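Working notes, structure below.
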Amino acid sequence: MKTICEIFITPDSVTLCDNRIPVTEKGNKLLVELYRKFINDYPKFFKMDTLSRLSFVASELLIKKEIEITPNIATENRAVILANNSASIKNDTDFSATISDPDNYFPSPALFVYTLPNITTGEIAIRNHYFGESSFYVLRDESCLNEILESTPFDSALVGWVECPDSNNFNAHLSIVRK
Amino acid sequence: MIYKLADNIISPLGTTSEDNLKAVLDGRSAISVYTDVFPSVEPFCASLFSQRHDFTTLCIDSISEALTHTTIDTSSSDVIFIISTTKGNNLRLWEPASQIATHFGNPNCPVVVSNACISGVCAQITALRLLDSGKYKTAIVTGCDIQTQFIVSGFQSLKALSSAPCRPFDKDRIGLNLGEAAATIIFSTEKPNLPAAWALLDGSIHNDANHISGPSRTGEGSFRCLSDILRNTEINNIACVNVHGTATLYNDEMESIALSRAGLSETPVNALKGFYGHTMGAAGVLESILTMHSVEQGLILPTRGFSQQGTTNAIAIDNSLRHTDKRQFIKLLSGFGGCNAAIIYSML
């Protein structure tokens, strides 16, 4: 399995293919800054929860970098395989707040839709027309993803770890890989 | 390929696979209307246990019962636990999985598959891949979800629920019922010495690349999954396709399109959510087990709740019991996030 490019995003730093990308904001605002600076053509971004924004921004930066390296790559069957340890806990907490008070009970469908961690893989597949496999795993740590990736059949995949316990505390390590 | 050693279902219809099959053959269902189970939610129609269960205990009980039919040493490093769930234990997915593996003395880190409603099929595919890779010899796959205020209120907010028992593929279908269960399949790289041995041959997962909560109008992902797994068999070998059949307007329509595109319009199709409701993370495992047990007896289970064809593409669905002498079946599922999965089993 060969890594074409990789990206690390933390609440205050972004490193793409070993190069630090200068940013001024932190946390959720950092993701918005990255969106406005490098993407800025997908308003659905603003409907996404932080976990989806994190995965989305990471994937967009990787894909743009990949196009620089290999401009005409076919990606229709690309797989999207992500993992973390906390599933969609931040979104779950937000949705729970809309149902926990019996005097103020208003379950929000817009929030409920994001209470599954695999939605992030769907967002990436939709944006990029990827008809390959999309999967999400909840694991002890990032190293546990390797044996899963090694045994998953794909030619090309967008893979990695996207942890988002709350909107200002997150960590992503995504890569585009090929077999 | 990998082989089924044993299985278990714990549901409102029984605590073993055999008891569950018997209940379904007797036409029983635990689907009814609930008014006071969870705070603030509107009355809803579902299949629930008579008392609230703890997620982790339910998984452990299901695994324990399945293990009684094997001689596996769960403390061995060549055994891997794979858990399929959407909301785990009170929104925690990793912690209960870790507790389950520890309970059985297993040294490996369990794998939790959280791929929305297709998790139960994905977990079986993960078992197939990990065992075929040579990394492990045995996989214990458990799908489980329990209903909560969180899930019920969420589905109510999406207006996806039917206030009456659901009607898969029927022209008057209006939505799904929720359900809860635990279901376990124990897989091995070695063929068991049994009169009927089931082998999981292949699996496929594809995204529709269309919408995060609505199915593809062309059934694209499901069609690609079905095409993949039909590559190494003849449609004539297939006893039935057990589908997702949630009884929502869009899901069932989408599945009928995918089945038709894949050349499966004449192949018997059935759906089991009229007996169990949508058991979320358990669905793929539970529905595969029941299909195995029924096809083994030459039976295709009825689609409870179906009466009249309600999809644009006609499919071979029936609300009565049918017979078959064929030895393969397909299990198909779709889920939020635009994901779809299919597996093919063969009786050897």
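Computed from a predicted model, the values in this text were never measured in an experiment. Convention: sequence-line order gives letters A, B, ...; per-chain numbering from 1.
- Looking at B:Ser133, only its side chain comes within 4.5 Å of chain A, counting heavy atoms on both sides.
- Among A:Thr120, A:Asn128, A:Ile148, A:Asp92, the residue with the largest count of heavy-atom pairs under 4.5 Å with chain B is A:Asp92.
- In terms of heavy-atom pairs under 4.5 Å with chain A, the best-connected choice from B:Ile151, B:Ile212, B:Leu128 is B:Ile212.
- Annotation: maximal heavy-atom pairing with chain B below 4.5 Å, among A:Phe95, A:Tyr130, A:Tyr114, occurs at A:Phe95.
- If you tally non-hydrogen atom pairs under 4.5 Å between each of A:Ala125, A:Ser151, A:Ala79, A:Ser108 and chain B, the highest count goes to A:Ser151.
- Side-chain contact annotation: B:Ser222 with B:Glu255, donor-acceptor N/O pair under 3.5 Å absent.
- In this structure, the side chains of A:Lys26 and A:Asn168 stay at 4.5 Å or more apart for every pair of heavy atoms.
- The candidate with the highest count of non-hydrogen atom pairs below 4.5 Å against chain B, out of A:Thr93, A:Thr115, A:Ile124, is A:Thr115.
- Proximity to chain A (any heavy atom under 4.5 Å) is restricted, for B:Tyr136, to the side chain, taken from C-beta onward.
- Looking at A:Thr152, the atoms closer than 4.5 Å to chain B (heavy atoms on both sides) sit in the backbone and in the side chain alike.
- Highest contact tally toward chain B, considering only A:Ile99, A:Ile119, A:Leu116, is held by A:Ile99 [criterion: heavy-atom pairs under 4.5 Å].
- Heavy atoms closer than 4.5 Å to chain B are found in the side chain of A:Asn77, but not in its backbone.
- Residue B:Ser114 touches chain A through both its backbone and its side chain, counting heavy-atom pairs closer than 4.5 Å.
- With a 6.0 Å radius and a threshold of 12 heavy atoms from other residues, nucleotides or ligands, A:Asp18 has its CG atom at or below the threshold.
- Considering only heavy atoms from C-beta on, A:Asn28 comes within 4.5 Å of A:Leu31 through its side chain.
- Annotation: maximal heavy-atom pairing with chain B below 4.5 Å, among A:Arg140, A:Glu150, A:His129, A:Arg127, occurs at A:Arg140.
- With a 4.5 Å cut-off on non-hydrogen atoms, B:Ser153 touches chain A through its backbone and its side chain both.
- Note: B:His244 and B:His278 have perpendicular aromatic rings, judged against thresholds of 30 and 60 degrees for the angle between ring planes.
- At a 4.5 Å heavy-atom cutoff, B:Lys159 makes no contact with chain A through either its backbone or its side chain.
- The two residues A:Leu149 and A:Ile81 come nearest to each other via the heavy atoms CD2-CG2, 3.8 Å.
- Between A:Arg78 and A:Glu66 there is a salt bridge, with a side-chain nitrogen of the basic residue lying less than 4.0 Å from a carboxylate oxygen of the acidic one.
- Inter-residue side-chain proximity for A:Tyr137 and B:Val111 is flagged as met; some heavy-atom pair is nearer than 4.5 Å.
- A 4.5 Å side-chain heavy-atom check between B:Phe55 and B:Arg92 finds every atom pair outside the cut-off.
- Between chain A and the residues B:Gly337, B:Pro110, B:Ser40, B:Pro39, the largest count of heavy-atom pairs under 4.5 Å involves B:Ser40.
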